[in-house]
Student: 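So that we are looking at the same thing, I have put the structure below in structure tokens.
Numbers here are sequence positions counted from 1. Start at 1 and go down the list; that is how both ligands and their atoms are numbered. Just the heavy atoms: all of them, side chains too, but no hydrogens, waters or symmetry mates, feed the values below.
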Amino acid sequence: MRTLVRNGRVAAAGRVESADLLLDGGLVSAVGRDLGEAERVIDASGCYVLPGLVDVHVHVGDRIGRFELADGYESGTRVAVKNGVTTLCAFVTQGPGQSLGEALRAARARAAGECHGDVAWHLTPTRFEETDWAEMEGLARAGYRTFKLYTTYRPAGLFSDLGRLESVFRRLGPLGVRFLLHCEDDGLLGSVDASALDLSRASAHARLRPEGAEVAAVEALLALAARHGVPLHVVHVSTVGAAELIRDARARQDVTCETGPQYLWLDETWLDRPDGHRWLCSPPLRGDRERFRQLAREGAFDLFATDHCAFRKSDKDDWDGRDVRTVANGLPGLGGLLHHAWRVFADDPDRAAAEVSLRLAKNPAARLGLEGRKGSLREGLDADVVVLDPNGPERPVRATESDAYEPFPGFTSTLALRHVFVHGEPVVKDGDLVDPAVRRGQLHPNHD
Ligand SMILES: [Zn+2]
């Protein structure tokens, strides 16, 4: 069915203009004026018309440590599309005794037929035998172009030293792979004297993972990636120091970075609350955020992503009360991404719409290698479209609809999701699913 979205302010690729939009056969068919007739006509007066948003950093349908996450593919993509995120990128981590391909097939099976919006995956190898390398190269050639690696988390088997990272860059870089790096220097984390801290307090978590560990790891990884000429994406940047290093490196090499709403709008005083353990995430919440938000306004972050990792309330509270290192580590965020990112630029709605079109659509789609299908409103791209009213009724922002603690209590938004289209079909109207039984999401790459 052809759909005409009329009279809106189209915000795409960082620009805003008054225009109509025609969707046909699941794709954007035209942007402009006098686009003819359509079976379905949407009046977008007073609204921004945006490309479907992309969150490149989401944990759903997975176990982390002892716990099954509260959001699976259905509930994760549901809260996502209801808040404008039509594509999310989750993670596949090779488990013990498992090949990376087996882990990937299991994730795809869990997601199949469940998703309200599109899903892609980053791959994390944890074993590096010759058969593993062959499999990684096969997956890269089959279209899995983003690999996620860690400079810490030794006990979980995720840690890679610089030598390991160098071999990964050397073998997979020539196949067009982009590398996502969790940057905290494991040696510096290990040198913190935990015996000097009161580990029963959540604020000890911030002392255990100091800012300097992030800055040091980013510095080392920038140098290593530059030496091998590979594209680097630094996930969840939390410090001014790391953000400035990456900003300055952009002139020299292909590097991008993300930060999340928690590092923009929450600070470490949340950890001082009696229930401060509920705000535990890594990297931890940091001190004064004013300069960090200023960097965001200056464009230091290519994109915003949530690191959505929703633990059930009972699981988040399931720790011994004595050692903060036993707390489930992560916060939900998907449902708040658009609202918290908009707020960074909210003094000027046109600017906010332009920035969102860039940092929540175009840039993340490009980093995933999906720029030929997602991230903008151009003829031939997927018709994932958000019709956003900036002046809706004020309401609370909700990170998730599942049984998890809300990390942004008291935060509200007036952004109303009038319509969300996925592959040219309406999935959300006035903030609710059009038909909860229908699943329009596709899995990427869309072959096995
Ligand atoms: Zn993460």
Student: N/O/S of H59 less than 2.8 Å from the Zn ion (ligand 1)?
Tutor: yes
Student: Have E298 and Q294 got a donor and an acceptor in their side chains that come within less than 3.5 Å?
Tutor: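 Side-chain D/A pair, E298 to Q294: present.
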Student: In D307, the N, O or S atom nearest to the Zn ion (ligand 1) is which?
Tutor: OD1
Student: Quick check on the Zn ion (ligand 1): does H57 put an N/O/S atom closer than 2.8 Å to it?
Tutor: yes
Student: Would a line drawn from the ring center of F169 to the ring center of F179 be shorter than 6.0 Å?
Tutor: yes
Student: Taking the six-membered ring for Trp and the single ring otherwise, decide whether the centroids of F411 and H340 are under 6.0 Å apart.
Tutor: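 Yes: the rings meet the under 6.0 Å criterion.
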Student: With a 6.0 Å cut-off on the ring centroids, do W121 and F91 count as close?
Tutor: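 No, the ring centres sit 6.0 Å or more apart.
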